[in-house]
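Not measured: the values here are computed from a predicted model. Only this structure's heavy atoms are used, side chains among them; waters, hydrogens and symmetry mates stay out.
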Amino acid sequence: MSEIKEIEELANRIASMRGSTRRIVAIAGPPGSGKSTFADHLNQYLNRERACPAEILAMDGFHYDDMILVPSGLRSRKGAPDTFDVDGLAVTLQRLGADDGRNVAVPVFDRGIEIARAGARIIAASVRVIIVEGNYLLLDDPNWSALRGHFDLTVMLDVSDAILEDRLSERWRTHGFDAAALREKLEDNDLPNARLVKAKSVKADYVIINY
């Protein structure tokens, strides 16, 4: 396991892996660790600086719909491991990894309405690197461990608890949560999920500290 400070080093490592087949890179980390931002920066650098066609696949696109979560009593835990279609994610990774010359339609999570839109984006056959980002990609759990066989390289964003709480608090303030609702959201869902990711994820190939 290596600790790196610069996103360029990781991008250069990924670019050096290029062969005739597509590569899949996992970016994992607790909620609030900056996975989406990091994945976006990495994607831009690969495409712009290394002429390496890359695209992002976000785990959030595989959220179960509220039509499933509400009847099952899981709506308040949306974002926990059992609120995702992990098997659907595995199938999509299998299709992407097949690199069979076909475009692949993937879902995208619309945060404005809290709904995943099926087939909302196309990953073209020409893309050589898939950057998968999500909390539980490296979770040491039977329901999630099968994903790891699809990854050529893994990255964990390791962010301090204090930074995570500050970022998560700011996220929910911008969504209009008052102090009581914000504290409930953090204590009942976000922070337990963050602790789970930190305690129960397998070791990654690279670790990024306090991104």
Side-chain angles (χ1 to χ4, degrees), residues 1 3-5 7 26-42 56-66 68-86 88-89 107-116 131-145 147-148 151 154-211:
M1 180 172 62
E3 294 183 2
I4 63 174
K5 300 297 183 182
I7 199 168
I27 309 296
S33 59
K35 296 178 301 298
S36 297
T37 300
F38 183 86
D40 185 58
H41 290 169
L42 178 61
I56 297 171
L57 175 67
M59 187 193 78
D60 280 354
F62 296 86
H63 270 291
Y64 283 131
D65 193 271
D66 287 0
I68 294 174
L69 297 178
V70 172
S72 61
L74 290 172
R75 179 59 182 83
S76 64
R77 293 285 290 133
K78 193 170 188 176
D82 53 352
T83 65
F84 288 90
D85 178 17
V86 64
L89 174 56
V108 174
F109 189 66
D110 188 332
R111 293 194 176 277
I113 56 176
E114 288 282 303
I115 290 175
I131 302 167
V132 191
E133 62 95 354
N135 298 336
Y136 308 117
L137 300 180
L138 299 181
L139 194 63
D140 190 14
D141 175 274
N143 292 324
W144 290 84
S145 60
L147 297 180
R148 297 200 297 275
F151 303 141
T154 59
V155 180
M156 174 63 73
L157 301 190
D158 186 3
V159 177
S160 72
D161 292 346
I163 292 175
L164 290 178
E165 186 162 353
D166 285 347
R167 290 178 179 176
L168 292 167
S169 296
E170 181 60 26
R171 174 188 296 177
W172 296 119
R173 285 193 195 97
T174 62
H175 283 76
F177 280 56
D178 61 23
L182 186 152
R183 180 49 50 185
E184 181 179 1
K185 181 71 172 175
L186 292 180
E187 296 295 342
D188 292 350
N189 199 29
D190 286 358
L191 295 181
N193 291 339
R195 288 190 285 268
L196 177 67
V197 171
K198 285 192 166 193
K200 298 296 184 180
S201 293
V202 300
K203 290 182 178 179
D205 299 313
Y206 288 89
V207 176
I208 311 295
I209 304 296
N210 286 338
Y211 182 78

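Pairing each heavy atom of Gly88 with each of Asp85, the nearest pair is N-OD1, 2.9 Å. Minimum heavy-atom separation, Ala80 to Tyr136: CA-OH, 3.6 Å. The two residues Met59 and Gly134 make their nearest non-hydrogen contact at CB-CA, 3.7 Å. Residue Val202 comes nearest to Asp140 through the heavy atom pair CG1-CB, 3.9 Å, listed as atom of the first residue, atom of the second, then distance. What you find for Asp161 and Lys198 is that their closest heavy atoms are OD1-NZ, 2.7 Å. A pairwise comparison of heavy atoms in Leu157 and Phe38 identifies CD1-CB, 3.9 Å as the closest pair.
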Worksheet item: Hey, mind stepping through Leu57 and Phe62 against side-chain contact (heavy atoms from CB on, under 4.5 Å) and telling me if it holds?
Response: CA-CA 10 Å; Leu57 175 67; Phe62 296 86; 4.1 Å; yes
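Inter-residue side-chain proximity for Pro81 and Asn143 is flagged as unmet; no heavy-atom pair is nearer than 4.5 Å. Residues Leu69 and Arg77 have side chains not in contact (no heavy-atom distance under 4.5 Å, counting atoms from C-beta outward). Within the 4.5 Å cutoff, side-chain heavy atoms of Phe84 are placed close to those of Asp60. Using a 4.5 Å heavy-atom threshold, the side chains of Leu196 and Pro30 count as separate. Contact of the Lys200 side chain with the Asp141 side chain is not registered, since no non-hydrogen atoms from C-beta on lie closer than 4.5 Å. Between Ser33 and Leu164 there is a side-chain heavy-atom pair separated by less than 4.5 Å.
Atom CD1 of Ile27 sits about 9.5 Å away from atom CG of Leu138, to the nearest 0.5 Å. Rounded to the nearest 0.5 Å, atoms CG (Asp66) and CD1 (Ile115) are 7.0 Å apart. Between the CZ atom of Arg75 and the CG atom of Asp65 there is a distance of 9.5 Å, given to the nearest 0.5 Å. One finds the CG atom of Leu147 at 6.5 Å from the CG atom of Leu137 (value rounded to the nearest 0.5 Å). In this structure, CG on Asp158 lies 10.0 Å from CD1 on Ile208, to the nearest 0.5 angstrom. Here the CD1 atom belonging to Ile56 is positioned 5.5 Å from the CD1 atom belonging to Ile131, to the nearest 0.5 angstrom.
Although no hydrogens or angles enter the test, the distance criterion places a donor-acceptor pair under 3.5 Å between the side chain of Asp205 and the main chain of Thr154.
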